[in-house]
Number of protein chains: 2
Amino acid sequence: MLQVSRKFEYGLHAVTYLATKGLGRVVTVKEMADEMGFSQEFLSKAMQSLKRAGIAASVQGVKGGYTLGKSTDNITVADIALAIEGKPHLVRCGVKADRCEIFSSCHHRGYMNTLQHKIQVLLAATTVHSLLKEIVG
Amino acid sequence: MLQVSRKFEYGLHAVTYLATKGLGRVVTVKEMADEMGFSQEFLSKAMQSLKRAGIAASVQGVKGGYTLGKSTDNITVADIALAIEGKPHLVRCGVKADRCEIFSSCHHRGYMNTLQHKIQVLLAATTVHSLLKEIVG
DNA sequence: GTTAAACAGGACTATTTTAACCCTATTATC
DNA sequence: GATAATAGGGTTAAAATAGTCCTGTTTAAC
Ligand code: SF4
Ligand code: SF4
């Protein structure tokens, strides 16, 4: 269906939320989940992925939470997608060749791969900084 | 995971197969399934979708089968995707607003929709005619 | 006109992926 | 030491995808 996952959308919302709060402010998952209206546990997983990718930074313990790990013009939508969904694979064979039973006789793999690359370029073209301007404007 | 469905790939292969056989030649689902190595029943569903969209034309009865319904430069990859997967919805709310619990407070919907449009433009930029040239070249 | 080979399509089942939840650490403030 | 937070493994639930089955309908060939 070529649809982004909920986890990705949660992550994207979280990043823009953190961005509007500024780099200094430490925000808890609870606050974000309450504010934006989705599951705390699930958002928590998304934040952990973002943290591992360096997009978010975490502070543990009481008074802990998350902040952005980079400046907003240094995070692209592609980065967020990569952090949360892992390497993109528009076609099954990208995960592993034997995921497709007709791998050896397939002629349109090259096209699909360039298509995937073009989609990646689209995602990489939007930084969180530019996204925020779109949102406000 | 932003991955195309198997049904779409089956359909795309079928269309290029029909295209190489020329508009005159009527090809059965059995032949295509055997030739390309996938489930006859499942490919049959894809062909039915392609037929309903006018991309393929069918001949019923003994000696029946499928041919292309249009010229190869009149079919784009986007057309095939539309025929097989229906209207694309990069985000849940595209299907129906109430599919997303935070619809009313969502700020990045506009961006996601333009993103989807750009992906559609990518798909629409490739005709079966140009795809065949890529494959051969 | 009977048979057989093909498309048409509804309904069902199985598999896989995604989403959500639970529970136990660990960390650090108070 | 109590508490409020992140970290993360493991399990379950729900949804989407893939695949099958079965019953019609059409039509060429005999
Ligand atoms: S059909 Fe081709 S492009 Fe698609 S998964 Fe198989 S090998 Fe890859
Ligand atoms: S988060 Fe926004 S864009 Fe995504 S489904 Fe919900 S309303 Fe649509």
Side-chain angles (χ1 to χ4, degrees), chain A residues 1-11 14 18 25-34 37-53 55-67 69 81 83-86 88-89 91-92 95-96 99-102, chain B residues 1-11 14 18 25-34 37-53 55-67 69 81 83-86 88-92 94-96 99-102:
Chain A
M1 218 202 234
L2 217 56
Q3 185 170 290
V4 299
S5 71
R6 200 169 281 238
K7 199 173 168 189
F8 166 79
E9 291 215 67
Y10 279 24
L18 288 177
R25 169 83 184 289
V26 175
V27 181
T28 66
V29 168
K30 186 175 187 310
E31 173 182 338
M32 287 191 282
D34 285 353
F38 33 62
S39 154
Q40 190 171 324
E41 293 263 21
F42 196 52
L43 175 59
S44 174
K45 299 293 187 194
M47 293 314 298
Q48 287 170 27
S49 299
L50 290 172
K51 192 235 158 171
R52 278 191 287 265
I55 293 168
S58 71
V59 176
Q60 288 201 320
V62 182
K63 298 281 176 185
Y66 290 95
T67 58
I84 289 186
E85 313 212 315
H89 298 294
V91 283
R92 283 181 305 295
V95 184
K96 201 152 181 289
R99 281 258 187 145
C100 183
E101 58 287 344
I102 60 169
Chain B
M1 220 201 232
L2 216 57
Q3 186 170 288
V4 299
S5 70
R6 200 169 282 238
K7 198 171 168 190
F8 167 77
E9 292 214 68
Y10 280 24
L18 288 178
R25 169 82 185 290
V26 175
V27 181
T28 67
V29 168
K30 187 175 186 311
E31 173 182 337
M32 286 192 281
D34 286 351
F38 33 62
S39 154
Q40 189 170 327
E41 292 266 21
F42 197 53
L43 175 60
S44 174
K45 298 296 185 191
M47 293 315 299
Q48 285 170 27
S49 299
L50 290 171
K51 192 237 160 169
R52 278 189 286 264
I55 294 168
S58 70
V59 177
Q60 287 201 321
V62 181
K63 298 281 178 186
Y66 291 96
T67 58
I84 289 187
E85 314 212 315
H89 298 294
L90 191 57
V91 283
R92 284 181 303 295
V95 184
K96 200 151 181 289
R99 280 258 188 145
C100 182
E101 57 286 347
I102 61 170

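Letters A, B, ... are given to chains in the order of the sequence lines, protein chains preceding strands, and every chain is numbered from 1. When reading the values below, keep in mind they use all heavy atoms of this one structure, side chains included, and skip hydrogens, waters and symmetry mates.
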field: Parallel, tilted or perpendicular, as decided by the 30° and 60° cut-offs, for the rings of Tyr10(A) and Phe42(A)
entry: perpendicular

Separation of dA7(D) P from Leu50(A) CG (nearest whole Å): 11 Å

message: What is the separation between atom CZ on Phe8(B) and atom P on dA18(D), rounded to the nearest whole Å?
response: 12 Å

query: Would you say dA7(D) has OP1 or OP2 under 4.0 Å from some side-chain N or O of Arg52(A)?
result: no

query: Taking the side chain of Phe42(A) as its heavy atoms from C-beta onward, which of dA19(C), dA7(D), dA5(C) lies nearest to it?
result: dA19(C)

task: Please check the phosphate of dA20(C) (OP1 and OP2 only) for any side-chain N or O of Tyr10(A) closer than 4.0 Å.
output: yes

task: Find the distance between CE (Met47(B)) and OG1 (Thr28(B)) and round it off to the nearest 0.5 Å.
output: 10.5 Å

task: Would you kindly give the NE2-to-P distance between His89(B) and dA16(D), to the nearest whole Å?
output: 12 Å

- request: Please check the phosphate of dA8(C) (OP1 and OP2 only) for any side-chain N or O of Tyr66(B) closer than 4.0 Å.
  value: yes

- prompt: Which whole-number value in Å describes the distance from Arg92(A) CZ to dT15(C) C1'?
  reply: 14 Å

- request: Find the distance Lys63(A):NZ to dT3(D):C1' and express it as a whole number of Å.
  value: 12 Å

query: Think Thr28(A) has a side-chain N or O under 4.0 angstrom from the OP1 or OP2 of dT6(D)?
result: no

message: dT18(C), OP1 or OP2 - any side-chain N/O from Lys7(A) closer than 4.0 Å?
response: no

- request: Can you check whether any acceptor in the base of dG10(C) is under 3.5 Å from a donor in the side chain of Lys45(B), or vice versa?
  value: yes

query: In Å, rounded to the nearest 0.5 Å, how long is the span from SG of Cys100(B) to CZ of Arg6(A)?
result: 6.5 Å

message: Can you tell me how far apart CD1 (Ile84(B)) and CG (Leu50(B)) are? Round to the nearest 0.5 Å.
response: 4.0 Å

Most 5' of Ser5(A) and Val59(A) on DNA chain C, judged by nearest nucleotide: Ser5(A)

- request: Evaluate the criterion side-chain hydrogen bond (donor to acceptor under 3.5 Å, both in side chains) for residue pair Ser44(A) and Gln48(A); output intermediate values, then yes/no.
  value: CA-CA 6 Å; Ser44(A) 174; Gln48(A) 287 170 27; 3.3 Å; yes

- request: Provide, to the nearest angstrom, the distance between the CD1 atom belonging to Ile84(A) and the P atom belonging to dT18(C).
  value: 13 Å

message: Please determine whether any donor N or O and acceptor N or O are separated by less than 3.5 Å between the side chain of Glu41(B) and the base of dG19(D).
response: no

message: If you only use heavy atoms from C-beta on, which nucleotide in dA7(D), dT27(D), dT17(C) is closest to the side chain of Arg99(A)?
response: dT17(C)

Distance test, side-chain N/O of Ser39(A) to OP1/OP2 of dC21(C), below 4.0 Å: yes

- line: Rounded to the nearest 0.5 angstrom, the CD-CZ distance for Gln3(A) and Arg99(B) is 7.5 Å

task: Figure out the CZ/P separation between Arg6(A) and dC21(C), and round it to whole Å.
output: 11 Å

message: How many whole angstroms separate atom CD of Glu101(B) from atom C1' of dA19(C)?
response: 11 Å

- prompt: When all nucleic acid strands are considered with a 4.0 Å heavy-atom cut-off, which category describes Gly64(B): base, sugar-phosphate, or nothing?
  reply: sugar-phosphate

query: Taking for each residue the nucleotide of DNA chain C bearing the nearest heavy atom, is the 5' side occupied by Gln40(B) or by Val62(A)?
result: Gln40(B)

